[in-house]
Asker: 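First the structure, which I've put down as structure tokens, then a few questions once you've had a look.
First the proteins, then the strands, lettered A, B, ... as listed; each starts at 1. These numbers were taken from a predicted model, which means no experiment stands behind them. The figures here come from the full heavy-atom set of this structure, side chains too, leaving out hydrogens, waters and symmetry mates.
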Amino acid sequence: MYYFDLMNFSKEITHWYLQNKRDLPWRKTKDPYRIWLSEIMLQQTRVAQGLPYYEKFTEAFPTVYDLAKAEESYVLKLWQGLGYYSRARNLHFTAKDIVTNYNGEFPNNYKALLKLKGVGDYTASAIASICFDEVAPVVDGNVYRVLSRYFDIDTPVNSTEGIKKFKELAFEVIDEDDPANFNQAIMEFGAVQCKPQSPYCIICPVNESCEGLKNQRVGMLPVKLKKTKVKHRWFNYLVVVSNQSETLLEERKGKGIWQGLYQFPLVETEKAVKDITLHQSAIKDVLQIENFSITAFNKKEKVHKLSHQHLHTTFWIVETTDNLKNGILLQEIRQYPVPILIGNFIEEFNF
DNA sequence: AATCCGGGGGG
DNA sequence: CCCCCAGGATT
């Protein structure tokens with residue numbers, strides 16, 4: 001009976017998928033390069049947000065060789081706005097790795113795929129199943145939701161126990177005859193039908209055997225451990241405007257957010273700056289100029305929200321007649337990869 | 001086991 | 001305001 005129900009579940013989900021799947025470009029290919037590209041892009045990212053980036057990347061880099069030989073800053077530029085920029089850096093690293101050490105061919109199984117930088121359990125399973133029909137179950141946010149509801153399991157999905165338990169469950173339910181379609185089916189089902197808010201239980205193909213629905217617990221599942229609270233930071237960007245139509249940009253290096261992206265010279269403070277003239281010497285130090293006048297671009301600080309940080313940001317316009325060291329031409333500023341916060345300012349200020 | 005890492009969309 | 005999203009790396 002139990003076996004019959006699992007069979008019923010997997011076949012129903014796959015059947016639902018074949019009837020209802022969205023027409024998406026990465027569903028027209030089994031090229032491991034393109035599947036890999038789509039999977040990296042869609043990590044923690046909605047299909048609607050990732051789609052235009054997939055189009056841009058496949059256009060700019062039709063093959064892994066094209067991606068491998070690109071400048072990293074250009075890869076980041078195309079990635080700009082998609083977030084989690086380590087994905088883009090690892091993407092570029094792995095493209096070079098594939099060309100250099102794998103003769104341009106992606107590994108054809110889960111275990112070997114897992115060795116690639118930026119490829120974890122989920123992505124290795126996705127590529128192995130979709131491209132090579134390996135029985136490797138994927139467990140993403142959609143799968144956690146579908147399985148926790150269908151089997152009425154309240155183990156936190158982001159706990160060590162939950163991760164283990166749901167992976168085992170995914171192994172039990174996967175359709176071994178068609179892992180490629182089943183994996184995509186259960187994710188699509190979670191995204192479109194068994195969605196986080198207001199799932200369509202009334203028309204659900206497995207609503208008669210769904211334990212969560214029977215117990216009226218669908219709205220409480222999945223259970224997640226709560227995340228840490230946000231940290232507040234105060235950013236003062238120094239937007240230099242020289243009379244030679246130049247400005248200054250710096251690359252963010254080391255640890256922390258936006259690694260490899262560019263920004264205006266930054267003075268970070270412990271709290272909101274009330275009088276920027278108090279920081280006169282720090283500004284001279286950072287910008288290496290002597291004569292300037294400074295005014296706030298935004299009176300009210302702009303709060304840029306990241307998952308774990310709120311950035312209270314003020315853009316200060318620094319006008320100078322001095323010659324800039326390492327200045328960049330204003331007409332070339334859009335070539336640099338920048339965080340959305342900076343990109344929005346550039347568009348608004350328009351120099 | 002916790003924490004970090006973006007940005008956007010929806011209720 | 002909150003939560004969630006075709007997760008992975010680091011500490």
Asker: By the 4.0 Å heavy-atom rule, please label Trp79(A) as base, sugar-phosphate, or nothing.
Answerer: nothing
Asker: Between Lys77(A) and Tyr74(A), is NZ or CZ placed under 6.0 angstrom from the six-membered ring centre and within 45° of the ring axis?
Answerer: no
Asker: Considering heavy-atom distances to DNA chain B, does Gln197(A) or Gln309(A) have its closest nucleotide positioned more toward the 5' end?
Answerer: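 Its nucleotide being nearer the 5' end, the pick is Gln309(A).
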Asker: Between Arg89(A) and Glu72(A), is there a side-chain N and carboxylate O pair less than 4.0 Å apart?
Answerer: no
Asker: Out of dG9(B), dC5(B), dG6(B), which nucleotide sits closest to the side chain of Leu306(A)?
Answerer: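 From the listed options, dG6(B) comes nearest.
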Asker: Decide whether Asn236(A) and Glu268(A) meet the rule of one side-chain donor and one side-chain acceptor closer than 3.5 Å.
Answerer: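 No, because no side-chain N or O of Asn236(A) sits under 3.5 Å from a partner of the opposite role on Glu268(A).
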Asker: Heavy atom of residues 29-44 of chain A under 4.0 Å from DNA chain C: which residues?
Answerer: Glu39(A), Leu42(A), Gln43(A), Gln44(A)
Asker: Tell me what Arg89(A) touches on the nucleic acid: a base, only sugar-phosphate, or nothing, going by heavy atoms under 4.0 Å.
Answerer: nothing
Asker: Regarding Asp97(A) and Lys117(A), does a basic nitrogen lie under 4.0 Å from an acidic carboxylate oxygen?
Answerer: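 The answer is no: the pair does not qualify as a salt bridge.
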Asker: Using the salt bridge (Lys or Arg N to Asp or Glu O under 4.0 Å) criterion, which residues pair with Asp285(A)? Sequence neighbours excluded.
Answerer: none
Asker: Quick one: how far along DNA chain C does chain A reach, first to last nucleotide 5' to 3', anything under 4.0 Å to a heavy atom?
Answerer: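 Going 5' to 3' along DNA chain C, contacts run dC1(C) to dT11(C).
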Asker: What is the distance from atom CG of Leu238(A) to atom OG1 of Thr314(A), rounded to the nearest 0.5 Å?
Answerer: 10.5 Å
Asker: Across the strands shown, which category fits Asn183(A) at heavy-atom distances under 4.0 angstrom: base, sugar-phosphate, nothing?
Answerer: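 Nothing, no nucleic acid heavy atom in range.
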Asker: As an exercise, state the distance from CD1 of Ile40(A) to CZ of Arg87(A), rounded to the nearest 0.5 Å.
Answerer: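 Here the rounded value is 8.5 Å.
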Asker: Please tell me which of Ser198(A) and Val338(A) maps to the more 5' nucleotide of DNA chain B, matching each residue to the nucleotide holding its nearest heavy atom.
Answerer: Val338(A)
Asker: According to the Watson-Crick and G-U wobble definition with distances under 3.5 Å, which dot-bracket string, read 5' to 3', encodes DNA chain B, using [ ] for crossing pairs and | for pairs with another strand?
Answerer: |||||.|||||
Asker: Using a cut-off of 4.0 Å on non-hydrogen atoms, how would the nucleic acid contact of Ser307(A) be classed: base, sugar-phosphate, or nothing?
Answerer: base
Asker: In whole Å, I'd like the distance from the CG atom of Leu51(A) to the C1' atom of dG7(B).
Answerer: 16 Å
Asker: Quick one: label Val138(A) by what it contacts on the DNA or RNA (base, sugar-phosphate, nothing), any heavy atom closer than 4.0 Å.
Answerer: nothing
Asker: Could you identify which residues of residues 12-24 of chain A place a heavy atom less than 4.0 Å from some atom of DNA chain C, listed by residue number, or say none?
Answerer: none
Asker: Quick one: OH on Tyr54(A) to CD on Glu39(A), what's the gap to the nearest 0.5 Å?
Answerer: 10.0 Å
Asker: Starting from C1' on dT3(B), measure out to CG on Asn158(A) and report it in whole angstrom.
Answerer: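 After rounding, the reported distance stands at 12 Å.
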Asker: Under 4.0 Å, counting only non-hydrogen atoms across every strand here, what does Val47(A) touch: a base, just sugar-phosphate, or nothing?
Answerer: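 Touches sugar-phosphate only.
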Asker: Counting side-chain heavy atoms from CB outward, which of dC4(B), dG6(B), dG9(B) is closest to Arg46(A)?
Answerer: dG9(B)
Asker: More than 12 foreign heavy atoms under 6.0 Å from NE2 of His15(A): is that the case here?
Answerer: no
Asker: Could you give the distance separating dC3(C) and dT3(B) at their P atoms, to the nearest angstrom?
Answerer: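 Pairwise P distance, dT3(B) against dC3(C), rounds to 16 Å.
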Asker: In whole Å, what separates the P atom of dC5(B) from that of dA6(C)?
Answerer: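 Roughly 23 Å separates the two P atoms.
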Asker: Contact list please: residues 254-264 of chain A against DNA chain C, heavy atoms, distance less than 4.0 Å, in numerical order.
Answerer: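 By residue number: Lys255(A).
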